Amino acid sequence: MCRNEWEILRYTTEKGVILLSRKSGDNILKFDYFGEYTSNTAKKELLNRLGINVEIKKVYSNINTDIFIDNAIKNYYGMRITKNEPWETTLCFIISQFNNIKRIRLIMKNLLERYGEPYYIDGKKVMLFPSAERISKATIPELMSCGTGFRAKYIKSVSNEIKNGFSFDHINRLDYDEAKNELLKLDGVGDKVADCILLFGYGHLQSFPIDVWVKRIIEKVYMKNKKKSIQQIHDFANNRWGNLAGYAQQYLYWYGRTALRLEETTQTV
DNA sequence: TTCCAGGGCCGCG
DNA sequence: CGCGGCCATGGA
């Protein structure tokens, strides 16, 4: 609403805090770092978080299996998978269920402003995303007043689990399958949300989240327009794109959504 | 007004 | 197990 509004990415690690900011409409990024970070270590962390250090051409040569995904790559050339905080990612994708992207952003913003921890930079206040501890103190009606709707009970339940010892750090030490099984124990986390957490929160690039769009795209483009189960689609993606299936998923999702809407896709593979 | 949005849970057969 | 109904909310 305000033209001078800053878009800020917040990274909170055990070493400190890194903020990456951009004035809306501006192409220039700036970053600030606090705690134990130096200019170099902060920059390194950012390159990792933003996925800039992956060799994207190698990724393309691995996932470019057919004409459809080749078009997807051409249309979204350079797009990376970024890595964010597991807890924040979990909340974000619990909220994403049966919801739209605009409202997901709004709800996350409401939670940030209402429960976030203030952090001061040169006297200027920046809100850091609230910990599970802080969220767990909110009541369900309070969470609902942020627009979370029927997902409030999941948020409450998951934040309590974390307060009672569920460890996101522990999941870091597990392989993909083990980690997914752990995440599936959380209330409100099913197959798709678990895969999103693993892909965007932990950097498991083999993870292949199957939402309604990806399902439609796979069925239409790769399965001769026949309905398939979630498990069949997982098997297909794993066989075809292996440990980079997550990258394939992102290009299929962003390109396929518009392609299917515009019905440019009589093209099958 | 009605419909839909990056699912998951629950109760059925 | 596989399936369908249900769920809060607000923008189009």
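Every value quoted in this text rests on a predicted model; they were computed, and no experiment measured them. Each chain gets a letter, A, B and so on, in the order its sequence line appears, and its residues count up from 1. Heavy-atom basis, side chains included; hydrogens, waters and symmetry copies ignored.
Taking the six-membered ring for Trp, A:F34 and A:Y119 have ring centres closer than 6.0 Å.
In this structure, A:K215 atom NZ and C:dG2 atom C1' are separated by 12 Å, rounded to whole Å. If you take CG of A:L184 and P of B:dG7, they are 16 Å apart, rounded to a whole angstrom. Rounded to whole angstrom, the span from the NZ atom of A:K192 across to the P atom of B:dC9 amounts to 14 Å. The separation between A:I95 atom CD1 and B:dG7 atom C1' is 13 Å, rounded to whole Å. Going from atom CZ of A:R105 over to atom P of C:dG11 covers 15 Å, rounded to whole Å. A straight line from CG of A:N99 to C1' of B:dG8 spans 13 Å, rounded to a whole angstrom.
Residue contacts shown for A:Q231 are absent, as no nucleic acid heavy atom lies under 4.0 Å away. Among the protein residues, A:R151 comes within range of the nucleic acid bases, having at least one heavy atom under 4.0 Å from a base atom.
With C:dA8, B:dC9, B:dG6 as the choices, the nucleotide that has an atom nearest any side-chain atom of A:D211 turns out to be B:dG6. You'll find that the side chain of A:Y154 is closest to B:dC9, out of B:dC9, C:dT9, B:dG6. Here the nucleotide nearest the side chain of A:N100, chosen from C:dG10, C:dA12, C:dT9, is C:dG10.
In this structure, the aromatic ring of A:Y253 is positioned over the six-membered ring of the base of B:dG6, centres within 5.5 Å and planes within 30°. Both thresholds, 5.5 Å between centres and 30° between ring planes, are not jointly met by A:F150 relative to the base of C:dA8, so the two rings are not stacked.
Side-chain atoms of A:T13 and A:Y37, non-hydrogen and from C-beta on, do get closer than 4.5 Å to each other.
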**A:W87/A:T89 under side-chain contact (heavy atoms from CB on, under 4.5 Å): CA gap, chis, key distance, verdict** = CA-CA 5 Å; A:W87 156 244; A:T89 306; over 6 Å; no

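Residues A:Y176 and A:D195 have side chains that bring a donor and an acceptor to within less than 3.5 angstrom of each other.
Comparing A:V193 and A:R103, the nucleotide of DNA chain B nearest to each residue sits closer to the 5' end for A:R103. Between A:I104 and A:D187, the residue whose closest nucleotide on DNA chain B is further toward the 5' end is A:I104. Judged by closest nucleotide on DNA chain C, A:Q97 is the one of A:Q97 and A:K102 placed further toward the 5' end.
Using P as the reference atom, C:dA8 and B:dG11 are 15 Å apart when rounded to the nearest Å. The separation of B:dG6 from C:dC6, taken at their P atoms, amounts to 22 Å, rounded to a whole angstrom.
Panel note: side chain A:W213, backbone A:Y253; no donor-acceptor pair is recorded below 3.5 Å.
A:E219 has no carboxylate O lying under 4.0 Å from a charged side-chain N of A:K228, or vice versa, which leaves the two without a salt bridge.
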Between protein and nucleic acid, restricted to nucleotides 11-13 of chain B and to nitrogen or oxygen atoms under 3.5 Å apart, what atom pairs and distances do you find?
none

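Under the 30°/60° scheme for interplanar angles, the aromatic rings of A:Y222 and A:W241 are found to stand perpendicular.
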